[in-house]
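Scope of the values below: all heavy atoms of this structure, side chains included, with no hydrogens, waters or symmetry mates.
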Amino acid sequence: SRGARPTANPVVGGDGGQVQTAPTSPNYIYGEYQYLGAHRSTNGGSSARTITSGLGDFGSGRSNFISPLRLDPNNPRRLYAGGRSLWRTADARASSVGWQAVKNNVGSLISAIDVAPGNANLVFVGHNDGRLYRSTNATSASPSWTAVDDNGSKNPLPNRVLTRIAVDPRQNNVVYAS
């Protein structure tokens with residue numbers, strides 16, 4: 001909702017998911033409905049349009065019912081979306097949003113994403129099976145990913161769905177996962 005109205009203004013039908021608002025341009029609001037149905041509002045939520053063209057994991061079986069969507073806090077035009085792969089757009093405000101898969105499918109759907117405040121290259125991705133990956137060059141054309149938890153030789157976390165990842169804004173080497 002906008003302003004002092006006590007009611008919400010639903011602009012896209014379906015079950016609601018992640019919502020991200022550009023901190024420096026609050027008219028840009030990104031949302032997600034079931035199975036990675038990403039959409040964008042350019043007018044503070046009064047209306048919205050889907051931005052799923054080219055988003056290869058949009059749809060049942062290719063993403064979680066409620067999939068992660070994360071706006072880079074360092075660059076409010078860079079948006080990440082998780083399905084079988086991790087998808088990134090360099091300009092979520094473009095008239096034609098171009099999505100690129102930047103982390104390959106590892107056999108488990110992506111359930112959580114976080115980008116380190118102050119370091120756009122540091123991105124963490126969690127999966128339904130408890131695996132957790134980190135990239136230190138996430139803005140490159142082909143980021144590399146290192147397993148923090150691979151459910152094998154590196155297995156510090158329970159093998160359960162990672163529901164949320166949070167990088168400490170003051171200490172990027174501290175990461176919380178639930």
Side-chain angles (χ1 to χ4, degrees), residues 8 12 14-23 26 28-40 45 51-52 55-76 78-89 92 99 101-139 143-178:
V12 175
D15 294 318
Q18 303 275 315
V19 175
Q20 301 285 293
T21 302
Y28 285 92
I29 300 171
Y30 306 93
E32 182 260 341
Y33 58 94
Q34 62 266 17
Y35 302 112
L36 207 53
H39 54 87
R40 171 188 64 210
I51 53 171
T52 56
L55 185 54
D57 288 342
F58 168 53
S60 178
R62 296 184 299 236
S63 57
N64 284 317
F65 186 75
I66 298 298
S67 299
L69 188 70
R70 184 67 62 224
L71 193 62
D72 183 341
N74 310 289
N75 178 346
R78 188 178 300 121
L79 184 65
Y80 290 92
R84 291 180 294 198
S85 299
L86 179 66
W87 296 84
R88 177 184 70 201
T89 179
W99 292 100
V102 294
K103 181 182 178 297
N104 292 331
N105 178 357
V106 296
S108 178
L109 298 176
I110 293 173
S111 57
I113 305 165
D114 201 23
V115 182
N119 184 356
N121 277 306
L122 184 57
V123 174
F124 290 84
V125 175
H127 291 265
N128 284 357
D129 65 1
R131 284 185 275 180
L132 177 64
Y133 293 87
R134 173 186 68 229
S135 178
T136 57
N137 66 340
T139 62
S144 56
W145 296 91
T146 303
V148 175
D149 184 318
D150 63 5
N151 289 348
S153 61
K154 295 179 182 176
N155 198 15
L157 302 171
N159 298 346
R160 297 184 189 120
V161 176
L162 285 168
T163 57
R164 183 77 163 96
I165 302 167
V167 180
D168 189 310
R170 291 178 293 283
Q171 300 176 47
N172 287 173
N173 60 335
V174 176
V175 179
Y176 301 94
S178 63

So, for G130 and L157, which heavy atoms are closest and what is the spacing to 0.1 Å? O-CD1, 4.4 Å

Do any pairs count as a salt bridge (Lys or Arg N to Asp or Glu O under 4.0 Å) and have a residue in residues 151-178, sequence neighbours left out, and if so which ones? none

Going by heavy atoms in the side chains, are Y176 and S178 under 4.5 Å from each other? no

Would you list the atom pairs, donor with acceptor, under 3.5 Å between side chains in residues 115-127 and any protein atom, with sequence neighbours excluded?
{"unit_1": "N119", "atom_1": "OD1", "unit_2": "N121", "atom_2": "N", "d": "3.1"}
{"unit_1": "N121", "atom_1": "OD1", "unit_2": "A138", "atom_2": "N", "d": "3.3"}
{"unit_1": "N121", "atom_1": "OD1", "unit_2": "T139", "atom_2": "N", "d": "3.0"}
{"unit_1": "N121", "atom_1": "OD1", "unit_2": "T139", "atom_2": "OG1", "d": "2.6"}
{"unit_1": "H127", "atom_1": "ND1", "unit_2": "S108", "atom_2": "O", "d": "2.8"}
{"unit_1": "H127", "atom_1": "NE2", "unit_2": "K103", "atom_2": "NZ", "d": "3.0"}

Side chains of P68 and S111: does their closest heavy-atom pair fall under 4.5 Å? no

Does the side chain of H39 reach to within under 4.5 Å of the side chain of Y33, using non-hydrogen atoms? yes

Is any side-chain heavy atom of N159 less than 4.5 Å from a side-chain heavy atom of D129? no

Set out, in order, the CA-CA distance, both residues' side-chain angles and the distance that settles side-chain contact (heavy atoms from CB on, under 4.5 Å) for I165 and I113, then state yes or no. CA-CA 6 Å; I165 302 167; I113 305 165; over 6 Å; no

Does any part of the side chain of T89, heavy atoms only, come nearer than 4.5 Å to the side chain of Y80, both counted from C-beta? no

From I110 CD1 over to L162 CG, what is the distance, rounded to the nearest 0.5 angstrom? 11.5 Å

Distance in Å, Q18 CD paired with L71 CG, rounded so as to fall on 0.5 Å steps: 11.5 Å

Quick one: closest heavy-atom pair of S135 and N137, and the distance? OG-OD1, 3.1 Å

Could you work out, with ring-ring contact (aromatic ring centres under 6.0 Å, His included) as the rule, every residue matching Y35, not counting sequence neighbours? F65

Could you check whether any side-chain N or O of R88 sits under 3.5 Å from a backbone N or O of A101, counting only pairs where one atom can act as donor and the other as acceptor? no

Take Q20 and I29 through the test side-chain contact (heavy atoms from CB on, under 4.5 Å) and record every step on the way to the result. CA-CA 6 Å; Q20 301 285 293; I29 300 171; over 6 Å; no

Can you list everything that forms a salt bridge (charged side-chain N to carboxylate O under 4.0 Å, His left out) with R134? Sequence neighbours excluded, please. none

Please give me the minimum heavy-atom distance between W145 and V102, naming the atom from each residue. NE1-O, 2.9 Å

Under the salt bridge (Lys or Arg N to Asp or Glu O under 4.0 Å) rule, what pairs show up with a residue in residues 117-126, not counting sequence neighbours? none

Is there a side-chain hydrogen bond (donor to acceptor under 3.5 Å, both in side chains) between N128 and N64 once you walk through the steps? CA-CA 9 Å; N128 284 357; N64 284 317; 2.9 Å; yes

Would you check if W99 and I51 make a side-chain contact, meaning some heavy-atom pair closer than 4.5 Å? yes

Scanning both residues in full, the closest heavy-atom pair of L36 with T52 reads O-CG2, 3.9 Å

Note, S67 side chain near E32 side chain (heavy atom, < 4.5 Å): yes

Side-chain contact, heavy-atom cut-off 4.5 Å: S60 with Q34? no

Which residue pairs pass the salt bridge (Lys or Arg N to Asp or Glu O under 4.0 Å) test with at least one member in residues 56-75, sequence neighbours excluded? D57-R84, R70-D114, D72-R78

Going through the distances and angles, do Y30 and L69 end up as a side-chain contact (heavy atoms from CB on, under 4.5 Å)? CA-CA 8 Å; Y30 306 93; L69 188 70; 4.2 Å; yes

